[in-house]
Amino acid sequence: MRATATSMGACAVTDIAGESVDDLPVASIMWYRRDLRIHDLPALLAALEAGPVLPLFVLDDRLLHGRWPSANRAWFMLECLRVLDSQLREHGSRLHVRHGAPELLIPAIAREVGARAVYVSRDYSPFARRRDAAVEEALTRMGVAFRALPGTLVQEPEAVRTGDGRPYAVFGPFFRKWQQLSRRAVLGSPAAIETVAGVDPGRLPATGEFGFEGAAQEAIAPGELAARERLAAWAGGGIAGYASGRDFPSKGATSRLSQDLRWGLLSPLEVVERCGGHGADSGKFIAEIAWREFSYHLLWHYPRIVREPFQRRFGGIAWANDAMPLDAWRAGRTGYPMVDAGMRELLATGYMHNRVRMIAASFLAKDLLLDWQLGAAHFMEHLVDGDVANNTVGWQWAASVGADAQPYFRVFNPRAQGERFDPGGEYIRRWVPELANVPGKYIHEPARMPPEVQRAAGCRVGVDYPEPIVDHVRARQASIERYRESLRRSG
Ligand code: FAD
C-alpha cells in the first residue's frame, strides 16, 4: 500500500494488491484487531476516504480462551479498547463491539449497515490468516470487498527479498535490505470520523466479567494515549544510553514499547521515524525493531515454526519430561537467582527484560532440557506483549533451533550472565526479596553462603531460597549431547 500525505484529506491510497481504493462506494467497516489506535492507521484513513465508517471490534472466544489464553493480555486489550472508544468519541464516532466468530459476525454487520467494504490492518499469524481468509470468502460471496492494508509493520514480509526473490533466514542481510527499501510517509490522525449512524454499539465487558484481572495492572498504562506519551519520552531523550545500557535489566534503559507495538497502539513506522537522530542509540534501537520485523518475516514465510523448529534437524531432541523442574522454573524457584528474578518479574508484571528472557529461556531448554514450547506457552500466558512472531522466534533463538539462532553448543551460564549483566545484584534483590540482604559476594551463588552469612542475611538456603535444582556444568554437557544426538539421527 502506498499513501502520499500526512493529513487524511489528501491521502491517496492503494491497497497491497496495488488496486486503487479511492473510488470505493460509501459505508464501510473498520474492523479493528491488533491495531488499537487512530494515528498513522492506513486502513482507517482509507475507509474514511470512501465515506462513513463503522469502527468495530469482535471479541473472539478463540483468542480469549484459545491456545494461549492470558489474563494479562486480555485485561490490557480490553482497557486499550476503552481508550480507543473514548478517542473515537472525541472524533465524533465510537467503537462498536460484538462477541462471537468474525466469519459470521462481520458479514452479518456488513449486511446490516449496507457496507461495501471491510478495512483491516494486515495480520500475519497462521491463525489470523485462516480467520481472515474465511471472512474474506464470506464477504466476497456477498459482493463486499475485504481490504487488508499495512500498518502493523514497517515493511511487508513479501517486500524484503533476496536478490533471487527468496525470503531471508539470516538477520544481517535481512536488516540491510530492510533499511534500503523505501517507506511510505507517516500519516496523521483523522480530524473527524464520520460514522454509520443508528447501529447498536454493543458493550465492552468489564475485565472482571471474564475474570481477566491480570498482574500487569499496576505495571503498565494501557491505551494509545499512554503509548504516545511513552514514545514521546523515549524519542525525546530517553533513548540516550540505549546501546550501552539495554542489556542491564536494573538500568531501565530500554523503551518499554513492546506492548504498544504488539497491540498496535503505536505504528512501528512512526516509532522508527521519530527515534532517529541519536547516533548509535538510534541505530541499535532500530535494529531491534527490525528483529521484530524479521520475526514476522519468518512467521509469514514459514508458518510451521509455531509448531516445529525452523531447523528441522533439531526436531528429534529427546526433551526431558519432568513436572518438578518445570514448576520450579515457572515459579522462579530454580536456585539460580538471575533466572528466578526474571520469572518472578514476569509473574508480577506481565513483562520480562530481554536479556533475562534469553537467560531464562536458555535455562529451560539447555539446563533443564525441557521442550522450548513449554516455556514459550508459559511466556504467552503472562506477557502483555506476548506475540506469536516475536515469542516463537525468541524461543527458537534461545533454544538454538531457530533461523539465525544461537549455536547449540553455546550454553548461557546463568551465574556468569548474572555477574555480567546485574553485577551489583539490584535486579535480583528487587524481584527475589528473600535474597535482598545477601552480600554481593554471594548474590549470584547463594548456595555458597556459609551458615553464619545465611543467618545474618536472613536467608536459609534450602528453606527460604532453594538449592540449585540442577548442576549447570553437568546439564550443559548433557544438553550438547542431546542436540548432537538429534543431529546424528537427522543424518
Ligand atoms: P527494546 O529493547 O526497547 O526494543 C524495542 C522494540 O523492539 C521492542 O518493543 C520490540 O518490539 C522489538 N524487539 C526488541 N528485541 C526484540 C527481539 N529480540 N525480537 C523481536 N523484537 C524485538 N517480544 C515481544 O514483543 N513479544 C514476545 O512475546 C516476546 N517474547 C520473547 C521471548 C524470548 C525467549 C526472547 C528472548 C525475546 C522475546 N521478545 C518478545 C523480544 C524482547 O525480549 C522484547 O521485545 C523486549 O524485551 C521488550 O522490551 P522493550 O520494548 O523495552 O525493548
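Predicted, not measured: the structure shown is a model, and the values here were computed from it. One-based numbering, in listed order, for ligands and for the atoms of each.
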Task: salt bridge (charged side-chain N to carboxylate O under 4.0 Å, His left out) partners of Glu136, counting only residues at least two apart - done: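 Partners of Glu136 by the salt bridge (charged side-chain N to carboxylate O under 4.0 Å, His left out) criterion come out as none, since no residue qualifies.
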- [ ] For Asp260, check salt bridge (charged side-chain N to carboxylate O under 4.0 Å, His left out) against everything at least two apart and list the hits.
- [x]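 Listed in chain order: Arg230.
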Open item on the list: Under 6.0 Å between ring centres: does that hold for Phe363 and Phe412?
Closed with: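 No - the distance between ring centres of Phe363 and Phe412 does not fall below the 6.0 Å cut-off.
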Open item on the list: Less than 6.0 angstrom separating the ring centers of Trp234 and Phe285, yes or no?
Closed with: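 Ring-ring flag for Trp234/Phe285: true, centres closer than 6.0 Å.
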Open item on the list: Consider salt bridge (charged side-chain N to carboxylate O under 4.0 Å, His left out). Of Arg122, Arg184, Arg161, which one does Glu156 pass it with?
Closed with: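 It is Arg122, the one option of Arg122, Arg184, Arg161 that forms the salt bridge (charged side-chain N to carboxylate O under 4.0 Å, His left out) with Glu156.
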Check for me whether [X] has a heavy atom closer than 4.0 Å to any atom of ligand 1.
X      : answer
Met358 : yes
Trp234 : no
Phe294 : no
Gly386 : yes
Trp397 : no
Arg256 : yes

Open item on the list: Check for me whether Arg62 meets the cation-pi criterion with Phe127, that is, NZ or CZ under 6.0 Å from the six-membered ring centre and within 45 degrees of the ring axis.
Closed with: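 No, Arg62 and Phe127 do not form such a contact.
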Task: Cation-pi, Tyr351 ring and Arg357 (6.0 angstrom, 45 degrees) - done: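 Yes, Arg357 lies over the aromatic ring of Tyr351.
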Cationic N near anionic O, under 4.0 Å, [X] to [Y]:
X      : Y      : answer
Glu293 : Arg183 : no
Asp387 : Arg292 : no
Asp132 : Arg33  : yes
Glu426 : Arg430 : no
Asp85  : Arg82  : no

Write out the residue and atom name of the closest protein heavy atom to [atom], then the distance separating them to 0.1 Å.
atom                    : answer
atom 24 (C) of ligand 1 : Asn390 ND2, 3.3 Å
atom 3 (O) of ligand 1  : Ser255 OG, 2.6 Å
atom 2 (O) of ligand 1  : Tyr242 OH, 2.6 Å
atom 43 (O) of ligand 1 : Asn354 OD1, 2.7 Å
atom 28 (O) of ligand 1 : Asp387 N, 3.1 Å
atom 40 (C) of ligand 1 : Arg357 NH1, 3.2 Å
atom 30 (N) of ligand 1 : Asn391 OD1, 3.1 Å
atom 13 (N) of ligand 1 : Glu288 O, 3.5 Å

Does any N or O of ligand 1 fall below 3.5 Å from an N or O anywhere on [X], backbone included?
X      : result
Trp395 : no
His353 : no
Trp291 : no
Leu257 : yes
Tyr351 : yes

Task: Residue portion contacting ligand 1 (non-hydrogen atoms closer than 4.0 Å) for Ser258 - done: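 Both the backbone and the side chain of Ser258 come within reach of ligand 1.
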Open item on the list: Can you tell me which portion of Leu261 lies within the under-4.0 Å heavy-atom range of ligand 1? Options are side chain, backbone, both, or neither.
Closed with: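 Contact part for Leu261 vs ligand 1: side chain (C-beta onward).
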Under 4.0 Å to a heavy atom of [X] - the qualifying atoms of ligand 1, by number:
X      : answer
Arg292 : 11 (O), 20 (C), 21 (N)
Gly394 : 33 (C), 34 (C), 35 (C)
Ala361 : 34 (C)
Ile289 : 6 (C), 7 (O)

- [ ] Could you tell me how the ring of Phe294 sits relative to the ring of His297: parallel (under 30°), tilted (30 to 60°) or perpendicular (over 60°)?
- [x]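 Parallel, since the angle between the ring planes stays under 30°.
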Open item on the list: For Trp319 and Tyr483, take the angle between the two ring planes, folded into 0 to 90°, and tell me which bin it lands in: parallel under 30, tilted 30 to 60, perpendicular over 60.
Closed with: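 Perpendicular: the ring planes of Trp319 and Tyr483 meet at over 60°.
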Open item on the list: For Leu265 versus Glu224, what's the shortest heavy-atom pair and its separation?
Closed with: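 Scanning both residues completely, I find the closest heavy atoms to be O-CG, 3.4 Å.
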